[in-house]
Amino acid sequence: MALPACAVRAFEPPRQPERGAPARTTCPRRHSRVEAELAASRPGSVAASVRADPPRGVSHGFHSRPLLDKPRKASSSLAGAACAPLFALLSRGRRRRMHVLRRRWDLGSLCRVLLTRGLAALGHSLKHVLGAIFSKIFGPLASVGNMDEKSNKLLLALVMLFLFAVIVLQYVCPGTECQLLRLQAFSSPVRDPYRSEDESSARFVPRYNFTRGDLLRKVDFDIKGDDLIVFLHIQKTGGTTFGRHLVRNIQLEQPCECRVGQKKCTCHRPGKRETWLFSRFSTGWSCGLHADWTELTSCVPSVVDGKRDARLRPSRWRIFQILDAARNFHYITILRDPVSRYLSEWRHVQRGATWKASLHVCDGRPPTSEELPSCYTGDDWSGCPLKEFMDCPYNLANNRQVRMLSDLTLVGCYNLSVMPEKQRNKVLLESAKSNLKHMAFFGLTEFQRKTQYLFEKTFNMNFISPFTQYNTTRASSVEINEEIQKRIEGLNFLDMELYSYAKDLFLQRYQFMRQKEHQEARRKRQEQRKFLKGRLLQTHFQSQGQGQSQNPNQNQSQNPNPNANQNLTQNLTQNLMQNLTQSSRQKENRESLKQNSGKEQNGNTSNGTNDYIGSVEKWR
């Protein structure tokens with residue numbers, strides 16, 4: 001009985017390699033490859049049949065072992081059936097391991113082949129595409145038709161490095177967090193620096209009807225003359241930050257001199273030894289610590305005039321002082337949300353602040369202890385809880401902004417027995433609203449950029465660096481429930497109404513100034529276009545006149561009436577002269593009506609040219 005071929009080879013002794021055959025190596029993979037090649041060289045062997053018919057999907061030129069099990073089993077079913085008893089001699093775990101290893105080896109080889117061929121095809125395509133691009137760009141310069149093999153490899157390496165860097169960046173910083181991947185600087189327009197700091201819509205529904213005079217606040221501030229900016233500093237409204245901006249952050253011909261270690265700065269007018277700013281950081285607390293409207297209007301004129309003792313003048317001189325202040329003194333202030341301001345003042349009092357140096361001078365005298373009792377008995381009120389701070393009925397933190405901005409002489413100063421409480425509150429609120437509306441400028445702590453914009457447009461003074469909006473403050477760190485917040489709003493109900501009024505007026509002024517700025521920019525663009533059109537017409541007429549003067553015979557032959565062009569030119573000049581005289585008369589009338597100088601005069605001087613251009617446009 002004949003044994004199968006595999007069984008015979010299993011019991012045969014190991015054969016010596018033939019002469020000329022490659023030597024046996026200790027590497028199992030190389031030894032198996034050599035034996036496979038020897039078996040394939042023998043005619044009629046199973047390996048030869050497998051070699052002659054490679055698996056489907058694998059080219060004949062690819063030197064590797066068969067990758068699929070199906071063709072091998074199909075071609076060597078006879079040998080497999082003969083070798084089955086030998087596999088049966090092995091243990092079950094060994095047989096399973098052999099099958100797993102063979103299956104893994106075939107799948108891994110197939111994946112490597114597909115990956116290698118895919119990368120090769122991709123690299124080939126990239127090489128042709130990039131080669132075409134580089135030949136289009138650098139072909140005329142270098143006059144090279146195709147890139148050599150070394151440059152192709154270098155280019156492919158650079159492309160693969162770029163792809164790898166993009167993948168790494170995607171993992172390191174996602175698309176919603178990485179600024180480099182989003183490329184905001186190239187894709188998005190420049191952000192409006194005066195947009196709402198709380199990202200709310202710039203459009204709002206106004207509650208109050210203000211006139212054009214209330215919205216248009218433009219002060220012809222003469223820093224070289226006698227004008228003075230008076231800063232009314234209300235406690236815990238961000239006035240310290242704004243005061244530092246006034247002395248350190250304004251572009252001036254003669255900037256303020258601020259020395260290290262000194263709180264006050266020297267802000268002199270150009271060429272004079274007089275100050276143009278009355279504030280904490282320029283003149284100090286000359287009228288008392290955190291002086292209110294009542295104190296400032298009676299104290300500032302006397303301090304500026306060098307008559308400090310005249311601060312306690314009789315009340316009959318107050319009218320003249322207010323008129324003097326309205327003519328030369330420009331009052332400004334900063335307001336804040338009442339709840340945040342109240343909590344910030346409570347935290348400040350907890351740390352030991354008392355403001356005992358405040359004078360509270362009203363109608364020529366400070367209040368008595370019966371008119372203004374103290375909420376604490378010790379040196380300060382440090383460590384007081386919020387409930388105790390709110391329970392004090394004489395606490396000046398309640399409705400502080402209304403009291404600081406109103407005329408206290410209208411209600412008998414601090415004497416609460418002059419009129420009923422309801423009437424007193426109404427008079428104080430109306431006085432605070434009126435004084436705030438007629439101030440030269442006021443800002444809001446919650447809108448720093450808008451505050452900067454309105455100040456610059458009002459006084460025509462620009463800041464060096466933009467204002468910063470600080471949303472994290474000591475007041476924001478205090479956590480209160482809804483009940484405490486309602487109680488604070490009830491204690492500051494006058495401040496709540498004043499702040500609502502001030503916010504509405506502030507935002508309407510901001511929108512009005514922005515619309516006016518856009519209209520002026522549009523008008524300037526129209527004037528430029530008209531000016532360019534007028535210059536174009538002027539050059540066209542000059543070229544026609546030169547052509548007619550050079551070819552008089554040709555013009556006479558073409559035009560039977562040679563005086564027609566002259567008459568037309570004379571009529572045109574007469575019309576232009578009449579328009580110019582009318583425009584000059586209108587200009588003189590406008591100059592007599594206007595009182596401002598500088599920019600407005602420059603604008604008026606350009607009206608004659610604009611009228612001339614308009615007349616040319618009308619004639620055309």
Side-chain angles (χ1 to χ4, degrees), residues 189-196 201-206 209-223 250-251 330 437 440-441 443 447 449-463 466 504-542 572-573 575-620:
V190 179
R191 188 178 182 274
D192 187 4
Y194 303 112
R195 190 180 176 183
S196 179
S201 177
R203 299 292 179 181
F204 72 101
V205 180
N209 296 324
F210 296 103
T211 62
R212 179 183 175 87
D214 297 334
L215 299 179
L216 180 60
R217 308 301 295 172
K218 189 170 182 62
V219 177
D220 188 14
F221 182 71
D222 187 10
I223 193 173
I250 293 184
Q251 295 178 358
H330 306 286
K437 183 174 66 174
F441 163 79
F447 301 94
R449 293 295 180 90
K450 289 182 175 64
T451 300
Q452 175 186 356
Y453 175 80
L454 288 179
F455 183 88
E456 291 176 347
K457 294 300 179 182
T458 302
F459 290 96
N460 196 19
M461 301 169 69
N462 297 324
F463 290 96
D504 193 276
L505 177 59
F506 178 84
L507 293 178
Q508 286 195 43
R509 282 181 178 176
Y510 172 77
Q511 284 193 352
F512 181 80
M513 296 298 292
R514 292 304 299 269
Q515 290 174 1
K516 186 181 178 184
E517 185 181 6
H518 293 330
Q519 290 174 0
E520 290 179 356
R522 192 182 303 111
R523 182 180 57 81
K524 288 181 180 179
R525 290 195 297 268
Q526 292 176 358
E527 290 179 356
Q528 289 177 358
R529 285 195 292 266
K530 287 182 180 180
F531 179 75
L532 293 176
K533 287 181 181 178
R535 292 290 299 273
L536 189 62
L537 285 174
Q538 185 179 3
T539 54
H540 178 67
F541 291 152
Q542 289 178 359
L572 176 61
T573 10
N575 292 331
L576 292 177
M577 292 298 296
Q578 291 178 0
N579 292 331
L580 286 174
T581 53
Q582 292 178 1
S583 64
S584 62
R585 291 174 183 174
Q586 293 177 0
K587 173 186 172 183
E588 292 176 357
N589 293 332
R590 284 194 299 268
E591 287 179 352
S592 62
L593 292 175
K594 291 184 179 180
Q595 297 179 357
N596 297 331
S597 60
K599 293 184 178 180
E600 295 181 355
Q601 291 180 1
N602 295 332
N604 291 331
T605 54
S606 63
N607 289 332
T609 308
N610 296 332
D611 295 334
Y612 171 76
I613 296 169
S615 62
V616 174
E617 287 288 324
K618 183 178 180 182
W619 176 83
R620 191 183 68 166

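Atoms considered below: every heavy atom in the structure, side chains included; atoms not considered: hydrogens, waters and symmetry mates. This chain uses plain numbering: 1 for the first residue, then up along the sequence.
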Discussion item. Applying side chain to side chain donor-acceptor pair (under 3.5 Å), can you list everything that pairs with Glu517, at least two apart in sequence or on another chain?
Written reply: Tyr453
Worksheet entry | Euclidean distance, Gln526 CD relative to Arg523 CZ, rounded to 0.5 Å | 9.0 Å
Worksheet entry | Side-chain heavy atoms of Thr451 within contact of Phe506, under 4.5 Å | yes
Worksheet item: Less than 4.0 Å between a side-chain N and a carboxylate O, is that true for Lys524 and Glu520?
Response: no
Worksheet, complete the sentence: NZ (Lys437) and CZ (Arg509) are apart, to the nearest 0.5 Å, by 9.5 Å
Worksheet entry | Smallest separation among heavy atoms of Asp504 and Pro206, with atom names | OD2-CA, 3.3 Å
Worksheet item: Considering only heavy atoms from C-beta outward, does the side chain of Arg217 approach that of Leu454 to under 4.5 Å?
Response: no
Worksheet item: Which class fits the ring pair Phe463 and Phe455: parallel under 30°, tilted 30 to 60°, perpendicular over 60°?
Response: tilted
Discussion item. Determine whether Phe512 and Leu216 satisfy the following criterion, side chain to side chain contact (heavy atoms under 4.5 Å, CB included), listing intermediate values before the conclusion.
Written reply: CA-CA 7 Å; Phe512 181 80; Leu216 180 60; 3.7 Å; yes
Discussion item. Would you compute the distance between atom NZ of Lys533 and atom CG of Leu537 and round it to the nearest 0.5 angstrom?
Written reply: 9.5 Å
Worksheet entry | Glu527 CD to Arg529 CZ distance, which is reported to the nearest 0.5 Å | 10.5 Å
Practice prompt. Check Ala440 against Val219 and note the closest heavy-atom contact, atom names and distance.
Written response: CB-CG2, 3.9 Å
Worksheet item: How would you list, by chain and number, every residue that makes a side chain to side chain donor-acceptor pair (under 3.5 Å) with Asp222, sequence neighbours excluded?
Response: none
Worksheet entry | Any side-chain heavy-atom pair of His518 and Gln515 under 4.5 Å | no
Item to complete: Please name the pair of heavy atoms, one in Leu536 and one in Thr539, separated by the smallest distance, quoted to 0.1 Å.
Response: O-OG1, 2.7 Å
Discussion item. Applying side chain to side chain donor-acceptor pair (under 3.5 Å), can you list everything that pairs with Asp214, at least two apart in sequence or on another chain?
Written reply: Thr211
Discussion item. Rounded at 0.5 Å granularity, tell me how far CG in Asn209 sits from CD in Gln508.
Written reply: 7.5 Å
Worksheet item: Is there a donor in the side chain of Gln452 and an acceptor in the side chain of Glu456, or the other way round, less than 3.5 Å apart?
Response: yes
